[in-house]
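Computed from a predicted model, the values in this text were never measured in an experiment.
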Amino acid sequence: MRTQVGIVGGGPAGLLLSHLLHLQGIESVVLERRSREDLETTVRAGVLEHGTAGLLNEVGVGERMLREGSVHHGIELRFDGRGHRIDFADLTDGLSITIYGQQEVVKDLIRARLEANGKILFEARAESVEDPDTDSPKIRFLQDGQQEEISCDYVAGCDGSFGVCRTRIPENARTEYTRTYPFGWFGILVEGPPSTEELIYTLHDRGFALVSTRSPEVQRLYFQCDPQDDVEEWPDERIWDELSTRLATHDGWELAGGKIFQKDIVQMRSFVCEPMQHGRLFLAGDAAHIVPPTGAKGMNLAVADIRVLAHALTEFYRSEDMRLLDAYSETCLRRVWRAQRFSWWMTSMLHRFDRSDSFQLKVQQAELDYVTTSRAAATTIAENYVGAALGTSHPL
């Protein structure tokens, strides 16, 4: 099999790249190890920055997002039993975020690619990338028990943190930066009504809690936990008691209940690989960087990478100018590190690193008091959260 761009990974990054290249007349093949059903039914976070939502709409895959997604103009920071709203619209000249699940973005992109006769190979496990530093790299993969190979001009590694692509950058040519936090997030999915119109981020002396949503019928809630906790040790009643305690306010706010149908624990970590390219192999999304979810940057960073890569590949095929491709890693990493800084800051401000350290808690409360009473400090949160402060990508 031969194509211009071989894409390893059929999540939002890989599918969006294939779609953007198609709009410019560039051929691609997407390899995805999971089935289409798995991709479309695995519920994932979906906080879309203003620019991410705008791009999806701009390139023709935003119709359902506009119809079914929920536009939020702020978030609530809750501490010491009181809530304080950060008004994005007021602080960023009208910018907002859109709540629309990652699996819904994937559904829209798969539909767009298949309607355009795009090539997506489901249940095709990439096993290696060969010759990335030559003019004809190859992707070897397994499908239906058969070994297959794709030859291409370029390879896009969109295969996540445990994929095969990143390891094809030689160890002596890459630097990996990692921070593992001493806590995790216990997450639940709930069939029930929303408790709030906007996301609630809470600092409590027992730890962090977050109230989010996935749809009018499905809610997502998290609370800080020991990453070694066992979900079996958390029956539903204990979970609701813990969340209600951390989210309680002096004015009697109540958390809406519902049927818990999924429980999991997410380890909190940060990771960056530098550079994000080697020869004709380019990394994007989780293959190159991981951020703690506190700043809601994961999928948005992937989309930003893809926007840069699609523009650079388009310029190469249009004029054989490789300057944008050569600058891909440098261009992306500037935004990546800004997002890492914001995610680290939000995580540090809202989580208990040591529950016995009362001084730390008082300092965190003082910082939250500052960011919720200072317009300048509140603007910092708003600009970063909607994506305005992270730097712009090349236009398509």
Side-chain angles (χ1 to χ4, degrees), residues 45 75-86 178-190 195-196 199-212 219-257 260 262-271 290-298 340-373 377 380-381 384-385:
I75 58 172
E76 179 182 322
L77 297 180
R78 186 176 292 186
F79 62 99
D80 197 24
R82 294 180 175 83
H84 307 262
R85 186 169 184 265
I86 303 295
T178 303
R179 168 163 291 185
T180 301
Y181 294 88
F183 43 75
W185 276 13
F186 194 110
I188 60 171
L189 282 170
V190 179
S195 298
T196 176
L199 281 71
I200 301 173
Y201 287 77
T202 302
L203 171 68
H204 188 270
D205 60 7
R206 294 182 61 83
F208 170 79
L210 171 64
V211 180
S212 183
Q219 315 310 318
R220 185 62 151 156
L221 298 97
Y222 297 96
F223 59 90
Q224 178 183 344
C225 68
D226 186 322
Q228 303 304 316
D229 272 356
D230 183 349
V231 295
E232 299 300 325
E233 297 297 320
W234 284 89
D236 292 3
E237 183 178 357
R238 183 185 178 194
I239 291 171
W240 289 121
D241 285 346
E242 188 67 29
L243 283 167
S244 296
T245 297
R246 297 191 191 189
L247 292 162
T249 62
H250 297 306
D251 61 8
W253 180 90
E254 293 187 3
L255 177 65
I260 299 174
Q262 181 177 307
K263 304 175 185 179
D264 55 18
I265 294 176
V266 179
Q267 172 68 62
M268 300 284 283
R269 66 189 183 104
S270 298
F271 172 83
I290 300 288
V291 289
T294 324
K297 291 290 163 249
Q340 289 285 4
R341 184 210 67 82
F342 176 64
S343 299
W344 165 83
W345 178 55
M346 289 282 285
T347 301
S348 300
M349 183 168 57
L350 290 161
H351 291 74
R352 298 300 312 278
F353 284 75
D354 180 354
R355 290 188 184 178
S356 66
D357 189 344
S358 58
F359 180 85
Q360 180 212 29
L361 177 61
K362 287 295 186 179
V363 169
Q364 289 173 294
Q365 291 173 337
E367 184 164 16
L368 283 164
D369 183 41
Y370 172 60
V371 300
T372 54
T373 56
T380 295
I381 289 183
N384 279 274
Y385 207 97

Exercise. Step by step, work out the side chain to side chain contact (heavy atoms under 4.5 Å, CB included) result for Asn384 and Trp345.
Key: CA-CA 11 Å; Asn384 279 274; Trp345 178 55; 5.9 Å; no
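- Side chain of Asp369 to main chain of Gln365: no donor-acceptor pair is present (N/O by atom type, distance under 3.5 Å, no hydrogens or angles).
- In this structure, the side chain of Tyr222 does not engage the main chain of Ser212 through any donor-acceptor pair within 3.5 Å.
- Separating the CD1 atom in Ile188 from the CH2 atom in Trp234 is a distance of 11.0 Å, to the nearest 0.5 Å.
- At least one donor-acceptor pair under 3.5 Å links the side chain of Gln340 to the backbone N or O of Phe271.
- Not a single donor-acceptor pair under 3.5 Å links the side chain of Arg179 to the backbone N or O of Trp344.
- Between atom CG of residue Leu203 and atom CZ of residue Arg78 there is a gap of 12.5 Å, rounded to the nearest 0.5 Å.
- The shortest side-chain heavy-atom distance between Thr294 and Met268 falls under the 4.5 Å cut-off.
- Side chains of Thr380 and Val371 form no contact here, defined as non-hydrogen atoms less than 4.5 Å apart.
- Between atom OG1 of residue Thr372 and atom CG of residue Leu77 there is a gap of 7.0 Å, rounded to the nearest 0.5 Å.
- A 4.5 Å side-chain heavy-atom check between Lys263 and Asp236 finds at least one atom pair inside the cut-off.
- Judged purely by atom type and a 3.5 angstrom limit, His250 uses its side chain to pair as donor or acceptor with the backbone of Asp80.
- Contact check for Val231 versus Phe186: side-chain heavy atoms found under the 4.5 Å cut-off.
- For the atom pair OG1 of Thr202 and CG of Leu368, the computed distance is 10.0 Å after rounding to the nearest 0.5 Å.
- How far CZ of Phe79 is from NE2 of His204: 13.5 Å, rounded to the nearest 0.5 Å.
- Side-chain N or O atoms of Lys297 include none that pairs as donor or acceptor with a backbone N or O of Phe342 at under 3.5 Å.
- The SG atom of Cys225 sits 11.0 Å away from the CG atom of Asp230 when rounded to the nearest 0.5 Å.
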Practice problem: Please lay out, stage by stage, how His351 and Tyr181 fare under the test ring pair (Phe, Tyr, Trp, His ring centres under 6.0 Å). | Solution: CA-CA 10 Å; His351 291 74; Tyr181 294 88; 7.8 Å; no
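- Considering every non-hydrogen atom in both Gln267 and Pro227, the closest pair reads OE1-CB, 3.1 Å.
- Under a 3.5 Å cut-off, the side chain of Gln364 and the backbone N or O of Ser348 do form a donor-acceptor pair.
- Looking at heavy atoms from C-beta onward, Leu247 lies out of side-chain contact with Phe223 at the 4.5 angstrom threshold.
- Looking at every heavy atom in both residues, Asp205 comes nearest to Arg352 through O-NH1, 2.8 Å.
- In this structure, Ala248 has no side chain to side chain contact (heavy atoms under 4.5 Å, CB included) partners at least two apart in sequence or on a different chain.
- Qualifying side chain to side chain contact (heavy atoms under 4.5 Å, CB included) partners for Tyr370, counting only residues two or more places apart in sequence or in other chains: Ser374, Ala377.
- Counting only heavy atoms from C-beta outward, the side chains of Leu255 and Leu221 approach each other to under 4.5 Å.
- Taking the ring-ring contact (aromatic ring centres under 6.0 Å, His included) definition, one finds that Trp240 meets it with nothing, sequence neighbours left out.
- Under a 3.5 Å cut-off, the side chain of Glu76 and the backbone N or O of Ile200 do not form any donor-acceptor pair.
- Judged by distance alone, the side chain of Arg206 and the main-chain N or O of Arg246 form no donor-acceptor pair under 3.5 Å.
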Exercise. Report the C-alpha distance between Arg238 and Glu242 in whole Å, list the side-chain angles of each, state the deciding distance to 0.1 Å, and finish with yes or no for salt bridge (Lys or Arg N to Asp or Glu O under 4.0 Å).
Key: CA-CA 6 Å; Arg238 183 185 178 194; Glu242 188 67 29; 5.8 Å; no
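- Across every non-hydrogen atom of Ser343 and Thr347, the tightest pair is O-OG1, 2.7 Å.
- Residues Leu189 and Asp264 have side chains not in contact (no heavy-atom distance under 4.5 Å, counting atoms from C-beta outward).
- In this structure, Ser195 and Trp253 have side chains that are in contact, with non-hydrogen atoms separated by less than 4.5 Å.
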